[in-house]
Every structure is written in C-alpha cells, then in structure tokens.
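Note that the numbering runs from 1 along the sequence shown for the chain. Owing to the predicted nature of the structure, the values given are computational and were not obtained by experimental measurement.
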Amino acid sequence: MRFCFILLLVMPVFADSIPSPASVPAASPVKTVVRTNAKTGRLIRTFVAPPAARVAPAALNEIVDRIAGQQGVEAPLVHSVILAESNYNAVAVSPKGAQGIMQLIPATARRFGVSNTFDAADNIQGGVRYLRFLLDYYHGDYTKSIAAYNAGEAAVDKYKGVPPYAETIGYVRTVSKTPDGGAQSCEQLASAQPSRGGNTSHIEARVGADGLIYYKTP
C-alpha cells in the first residue's frame with residue numbers, strides 16, 4: 001500500500017513536467033542538411049530554405065521604393081545592400097544562417113518585427129528598419145552604418161569604424177556603389193538622404209552585465 005501511495009504522489013509531478021504543445025516552439029522553416037565534402041571527406045552543414053513564390057523585378061522595385069520612403073532610407077542604398085547580400089534571391093540562406101533577400105539573422109529579424117524572413121516584403125521591411133536604426137545610431141555616418149549591417153554594431157563600436165575584417169571592408173566597398181555598377185561614395189549617399197523631420201536622436205549603447213548590448217534614446 002505504501003508503494004502505491006508514493007506512486008500517486010509522484011505521477012502528478014511528473015505529468016506537470018511534460019511541456020504542453022503550446023509551450024513547444026514551432027519548427028523553423030529552414031532545414032539543416034549535412035553533406036560530405038568530396039575533396040576533404042569532412043561533414044559540411046548547410047541550410048536549405050523552403051520554396052517561395054518568385055517576385056517580379058517591377059514588384060520588388062515598388063516594394064523597395066515604398067518601404068524606403070516610409071523609413072527615410074535611400075532606395076539606391078537598399079538596392080545595393082540587397083545586391084550584395086543575396087543578389088535578389090528571396091530564399092537565400094547563408095552558411096551562418098542569415099535568411100532572405102536582405103540576409104537577416106533570426107535574432108535581427110525578431111528585433112525588427114519580421115515574421116517570415118522568406119517573404120520578400122516582410123524581409124525588406126525588417127532590413128530597411130535595421131538600416132534606419134543604424135543611420136540614426138551612427139548620426140548619419142553611412143560608412144559605419146553599412147559596416148555594421150555586415151559585422152554588427154558591437155564590432156564597429158569596438159574599432160570605432162570599419163572593423164579590420166576583409167569581408168566587411170569589401171562589403172562596404174561593394175555597397176557604396178549603385179546597383180548599375182557606378183561608384184557612389186558614402187558622402188553622396190548622405191547628401192541624398194531623405195528628411196525624417198529632423199528626428200535623428202542619437203541612440204546610445206551600453207554593454208550589460210550579461211554581455212548583451214542595450215540601446216536607448218536620450
């Protein structure tokens with residue numbers, strides 16, 4: 001009888017430890033595929049995006065123009081970032097897990113309200129919001145903003161400018177050109193910046209005790 005009594009006490013506790021279906025996170029649409037490299041024999045992990053509907057170039061131009069205008073970011077800058085990031089591939093996935101047409105990592109996508117990184121309009125909305133944030137954070141400094149889009153704010157803040165990474169240096173050079181291949185300096189981009197009503201309050205950053213970066217507007 002004592003044995004049965006203990007079972008009755010333990011079973012409810014065990015049942016409570018089982019997560020409910022609602023608490024289990026939804027599966028990511030990105031699948032991980034592990035393949036063997038034919039030359040080295042090593043296992044290589046790659047990310048595969050789900051299929052998505054193709055967006056016509058004219059529709060993409062309209063989306064970029066509309067969202068860029070709403071956020072006060074130059075459409076040519078957005079196009080340059082898209083070209084450098086994914087070459088207009090809405091289902092692109094980088095080896096590091098960046099997703100979609102503007103190559104947002106999941107944390108950045110969540111940070112700027114993107115629910116579907118493989119929806120071109122949703123992804124562009126998040127990417128342009130991120131660019132707007134960076135331009136405000138760096139007081140309209142296009143070089144730092146473009147570098148931070150590639151390497152992150154922490155790296156740019158650490159080096160007080162473009163980090164000494166070959167990838168980021170090349171990225172800034174690439175994005176600072178117009179989509180048609182013509183050179184366009186960051187200063188030219190800045191001079192063409194649409195007005196946001198003078199509301200460009202500097203955003204301050206601090207590193208918390210947990211090692212994360214926190215931002216606030218004075």
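Judged as a side chain to side chain donor-acceptor pair (under 3.5 Å), and not counting sequence neighbours, Q103 has no contacts. Qualifying side chain to side chain donor-acceptor pair (under 3.5 Å) partners for Y149, counting only residues two or more places apart in sequence or in other chains: none. In this view, T168 and N150 satisfy the side chain to side chain donor-acceptor pair (under 3.5 Å) rule, not counting sequence neighbours. In this structure, the side-chain contact (heavy atoms from CB on, under 4.5 Å) partners of N89, at least two apart in sequence or on a different chain, are S86, V91, A92. Scored by the salt bridge (Lys or Arg N to Asp or Glu O under 4.0 Å) test, R110 finds no partners at all (sequence neighbours excluded). For R173, the side-chain contact (heavy atoms from CB on, under 4.5 Å) partners two or more places apart in sequence, or in a different chain, are I169.
Taking the side chain as every heavy atom from C-beta outward, E153 and L134 approach each other to under 4.5 Å. Side-chain contact between F112 and F133 is present, with heavy atoms from C-beta onward closer than 4.5 Å. Using a 4.5 Å cut-off on side-chain heavy atoms (C-beta onward), L135 and Y130 make no contact. V156 is not listed as a side-chain neighbour of V162, based on a closest heavy-atom distance of 4.5 Å or more. At a threshold of 4.5 Å between non-hydrogen side-chain atoms, the residues I63 and R66 count as touching.
Contact detail for V128 and A68: the closest heavy-atom pair is CG1-CA, 4.2 Å.
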Does the side-chain contact (heavy atoms from CB on, under 4.5 Å) test come out yes or no for Y88 and H79, once each step is laid out?
CA-CA 9 Å; Y88 294 90; H79 280 290; 2.7 Å; yes
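With rounding to the nearest 0.5 angstrom, the CG atom of L131 is 8.0 Å from the OG atom of S145. Rounding to the nearest 0.5 Å gives a distance of 12.5 Å between CG of D141 and CG of D136.
Ion pair R132/E74 not flagged as a salt bridge, since none of the NZ, NE, NH1 or NH2 atoms sits closer than 4.0 Å to an Asp/Glu carboxylate oxygen.
Clustering of Ile, Leu, Val, Met, Phe, Trp and Tyr by side-chain heavy atoms under 4.5 Å joins I105 with none of the others.
Using a 4.5 Å cut-off between side-chain heavy atoms of Ile, Leu, Val, Met, Phe, Trp and Tyr, with links allowed through other members, L60 and V81 fall into the same hydrophobic cluster.
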Could you pull out every donor-acceptor pair under 3.5 Å between side chains of residues 118-126 and any protein atom, sequence neighbours left out?
from : atom 1 : to   : atom 2 : distance (Å)
D119 : OD2    : A121 : N      : 3.4
D119 : OD2    : D122 : N      : 2.9
D122 : OD2    : S115 : N      : 3.0
D122 : OD2    : S115 : OG     : 3.0
D122 : OD2    : N116 : N      : 2.8
N123 : OD1    : M102 : N      : 2.9
N123 : ND2    : Q99  : O      : 3.1
N123 : ND2    : T117 : O      : 2.7

